[in-house]
Amino acid sequence: MSLVSGEPRKERYSFSKLSAFHTCKYGYKMTYIDHKKGIGNCFRSYGLEVHSIMERYAKGELTLWDLVGIYEWEFDAAVPEKFPSTKYCKDMRKLYYDQGLEYLKNFAGYDDRKILEVESQFDYEIDDWTFNGVIDLVFEDKDGKLIIQDYKSKSSFKNKREQAEYARQLYLYALFVKKKYGRYPDILRFMMFRKNMSIDIPFNESDLNEALSWARETVKEIRECWDFTPTCDEFFSENLCNHREYCESKI
């Protein structure tokens, strides 16, 4: 396995692309085979806005004191989509807005860490294809531990299984970290910013191997797939899918 450098372009897969195939094969086809852009959704726009603010801060483009004001100023333009209303929350837009605001108000900065990577893009080869990704943050803490951090707008994981499925992303990113820094990260961290809560996963090489096997098997399934019938659940189909306006499941 090696970093791609000056070689012919191969099939490219990101964690999002691999996960999209398992979420809904029809959505995968529309996005990655037919190259239909589709429409956005409120949850993605919201997550991207907070990511953007934290990226600009980590790069020194914003100060700690800018974060709240920038968030308040940019929010409506950055998140133009309507939030759904559920029986559990009638005004989800306000809920998400307030939770993001509270996180930024309480954010204390990065004085306790040595920042190594911010929104770093990378490629590396796996078999005959290329894996690519963007790492939110890589840093060393005050004890010298190497940490990969990923911001998540989810409030929590449903269970250990879902957490393990999400952790595959950071395990695959860990291969790049190993290549560049000569060692695997000590901790994989999900920052669930809506709840101002971090979930730390100690690096485990057997889980890395599982993530790598999952990626390889998914690529194999994609290459062999001929049936792209919609396979997502109702909430995803109604609110999250970029192709929800003309999904075959609604025709």
Side-chain angles (χ1 to χ4, degrees), residues 14-32 34-58 62 66-107 119 133-134 136-137 149-159 162-163 165-166 169 190-199 230-251:
S14 64
F15 180 78
S16 296
K17 185 174 180 179
L18 296 173
S19 297
F21 179 77
H22 293 292
T23 300
C24 182
K25 292 179 174 57
Y26 176 77
Y28 178 91
K29 177 180 181 294
M30 295 297 289
T31 299
Y32 297 106
D34 297 339
H35 303 292
K36 302 290 187 182
K37 185 177 180 181
I39 58 176
N41 71 73
C42 58
F43 301 106
R44 183 174 186 276
S45 296
Y46 170 77
L48 287 174
E49 173 60 9
V50 177
H51 270 78
S52 172
I53 290 173
M54 300 312 297
E55 175 188 356
R56 283 177 278 169
Y57 170 75
L62 296 176
D66 293 327
L67 305 187
V68 169
I70 289 292
Y71 178 78
E72 292 174 327
W73 175 262
E74 295 180 346
F75 188 85
D76 285 338
V79 192
E81 301 90 356
K82 182 180 179 181
F83 279 74
S85 177
T86 71
K87 63 180 179 180
Y88 304 107
C89 182
K90 298 301 182 184
D91 192 349
M92 196 175 293
R93 185 179 188 87
K94 184 177 187 305
L95 173 67
Y96 273 62
Y97 175 84
D98 288 348
Q99 289 175 330
L101 184 64
E102 190 67 15
Y103 171 72
L104 294 172
K105 283 181 177 178
N106 289 286
F107 178 66
E119 293 293 320
V134 181
D136 288 351
L137 200 65
Q149 179 166 297
D150 188 69
Y151 290 100
K152 284 283 179 274
S153 58
K154 291 174 66 67
S155 61
S156 63
F157 294 117
K158 297 176 185 176
N159 47 47
E162 184 182 52
Q163 178 176 302
E165 289 171 351
Y166 273 83
Q169 178 180 14
F190 289 109
M191 173 50 68
M192 322 296 273
F193 58 83
R194 283 176 50 217
K195 295 294 185 178
N196 196 11
M197 172 184 70
S198 62
I199 296 176
T231 53
C232 60
D233 62 38
E234 183 178 353
F235 184 85
F236 184 92
S237 175
E238 294 289 339
N239 300 287
L240 302 178
C241 180
N242 289 343
H243 311 291
R244 58 189 180 274
E245 289 189 322
Y246 44 82
C247 177
E248 287 183 350
S249 66
K250 299 178 183 178
I251 297 175

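Only heavy atoms go into these numbers, but all of them, side chains included; no hydrogens, no water, no symmetry mates.
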- request: Please report the shortest heavy-atom distance between Arg194 and Leu95, naming the atom on each side.
  value: NH2-CD2, 4.3 Å

statement: Output for pair (Lys82 NZ, Cys42 SG), nearest 0.5 Å, gives 10.5 Å

task: State the NZ-OH distance between Lys25 and Tyr28, to the nearest 0.5 angstrom.
output: 11.0 Å

message: Holding to side chain to side chain donor-acceptor pair (under 3.5 Å), I want the full list of residues that pass it with Lys29, two or more places apart in sequence or in another chain.
response: Asp34

- request: Could you grab the distance from atom OG of Ser156 to atom CD of Glu162, nearest 0.5 Å is fine?
  value: 8.0 Å

field: OH on Tyr96 to OG on Ser45, rounded to 0.5 Å
entry: 12.5 Å

field: Taking every non-hydrogen atom, the tightest pair across Phe43 and Ser153
entry: O-OG, 4.3 Å

- request: Begin from the C-alpha positions of Arg44 and Glu81 and carry the test side-chain contact (heavy atoms from CB on, under 4.5 Å) through to its verdict.
  value: CA-CA 10 Å; Arg44 183 174 186 276; Glu81 301 90 356; over 6 Å; no

CA sep, side-chain torsions, deciding dist, call: Met92, Tyr46, side-chain contact (heavy atoms from CB on, under 4.5 Å): CA-CA 12 Å; Met92 196 175 293; Tyr46 170 77; over 6 Å; no

statement: On a heavy-atom basis, the closest approach of Leu67 and Leu104 is O-CD1, 3.9 Å

query: Can you name the nearest heavy-atom pair linking Glu49 to Ala78, along with the distance?
result: OE1-CB, 3.4 Å

task: Evaluate side-chain contact (heavy atoms from CB on, under 4.5 Å) for Gln149 paired with Asp136, printing each intermediate quantity in order.
output: CA-CA 6 Å; Gln149 179 166 297; Asp136 288 351; 5.8 Å; no

query: Would you say the ring centroid of Phe193 lies under 6.0 angstrom from that of Phe107?
result: no

field: Distance-minimising heavy-atom pair for Met197 and Ser155
entry: CE-O, 3.7 Å

query: Atom CD of Glu102 and atom CG of Asn196: how far apart are they, to the nearest 0.5 Å?
result: 8.0 Å

- request: Assess whether side-chain contact (heavy atoms from CB on, under 4.5 Å) is satisfied between Ile199 and Phe157, documenting all intermediate values.
  value: CA-CA 10 Å; Ile199 296 176; Phe157 294 117; 3.6 Å; yes

- prompt: Regarding Lys17 and the six-membered ring of Phe15, is the cationic atom NZ or CZ under 6.0 Å from the ring centre and inside 45° of its axis?
  reply: no

Report, one line per pair, each donor and acceptor closer than 3.5 Å where one atom sits in a side chain of residues 69-77; sequence neighbours left out.
from	atom 1	to	atom 2	distance (Å)
Tyr71	OH	Tyr97	O	2.8
Glu74	OE1	Arg56	NH2	2.9
Glu74	OE2	Arg56	NH1	3.0
Asp76	OD1	Arg93	NH2	3.3

- request: Give, for atom NZ of Lys152 and atom CZ of Phe190, the distance between the pair rounded to the nearest 0.5 Å.
  value: 5.5 Å

- line: Nearest heavy-atom approach of Ala58 to Leu137 is CB-CD1, 4.2 Å

